[in-house]
Amino acid sequence: MIIKINNYTQGNYTIVSNEVTRDNSISLSARGLLIFMLGCKEDTWEFSVAKLIKNTNTSRTKIENALEELENAGYLKRTQTKNDRNKFGKNEWIISEIPNLRDDEPFRS
């Protein structure tokens, strides 16, 4: 399941907040990955490290490092769900162009 917040997609382009493009607390790689993810259509994409590697032509290490940066900065929250038999279910990724997804801070909308 994918939930995207505050992303305005119209036609074949994505409008992204300047907060993302100017946030020097995360690397250029992390910003680029965030912009790529915000541009993916919610109804056709299920995010995984493997899919990001394939679709960005980037190494596993770089993807994992960028995802960790995005989580630490509050742009991404990944949660492992459990199914009805208490086994691992799908991963849920919440992606925001505003860094408000840190566990230590209340959610801002």
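All values below were derived from every heavy atom in this structure, side-chain atoms included, with hydrogens, water molecules and symmetry-related copies excluded. Numbering starts at 1 and runs along the sequence shown.
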Closest non-hydrogen contact found for Tyr75 with Glu19 is OH-O, 3.8 Å

So OG of Ser29 and CG of Leu70: to nearest 0.5 Å the spacing works out to 10.0 Å

So CZ of Phe47 and CG of Leu67: to nearest 0.5 Å the spacing works out to 10.0 Å

Checklist entry - Any side-chain heavy atom of Thr79 sitting closer than 4.5 Å to one from Trp93? => result no

Minimal heavy-atom distance between Leu52 and Phe36, with the atoms involved, is CD2-CE2, 3.8 Å

Those residues at least two apart in sequence (or on a different chain) that pass side chain to side chain donor-acceptor pair (under 3.5 Å) with Ser25 are Asp23

Applying side chain to side chain contact (heavy atoms under 4.5 Å, CB included) to Asn57 and not counting sequence neighbours gives none

### Task
Could you tell me whether the side chain of Ile63 reaches within less than 4.5 Å of the side chain of Glu68, counting heavy atoms only?
no

Closest non-hydrogen atoms of Ala73 and Pro99, given as atom of the first, atom of the second and distance, are O-CB, 3.2 Å

Please step through salt bridge (charged side-chain N to carboxylate O under 4.0 Å, His left out) for the pair Arg78 and Glu71, ending with a clear verdict. CA-CA 8 Å; Arg78 295 183 285 181; Glu71 283 180 308; 2.9 Å; yes

CD1 of Ile26 to CG of Leu34, rounded to nearest 0.5 Å, is 6.0 Å

Note: Ser96 and Asn100 closest approach over all heavy atoms is OG-OD1, 3.4 Å

Output for pair (Leu38 CG, Leu33 CG), nearest 0.5 Å, gives 9.5 Å

Do Thr21 and Ile35 have side chains that get closer than 4.5 Å, going by heavy atoms?
yes

Side chain to side chain donor-acceptor pair (under 3.5 Å) filter on Ser27, not counting sequence neighbours, yields Glu69

Taken in chain and number order and not counting sequence neighbours, the residues that satisfy side chain to side chain donor-acceptor pair (under 3.5 Å) with Thr56 are Thr58

So salt bridge (charged side-chain N to carboxylate O under 4.0 Å, His left out) across residues 51-61, not counting sequence neighbours, yields Arg60-Glu64

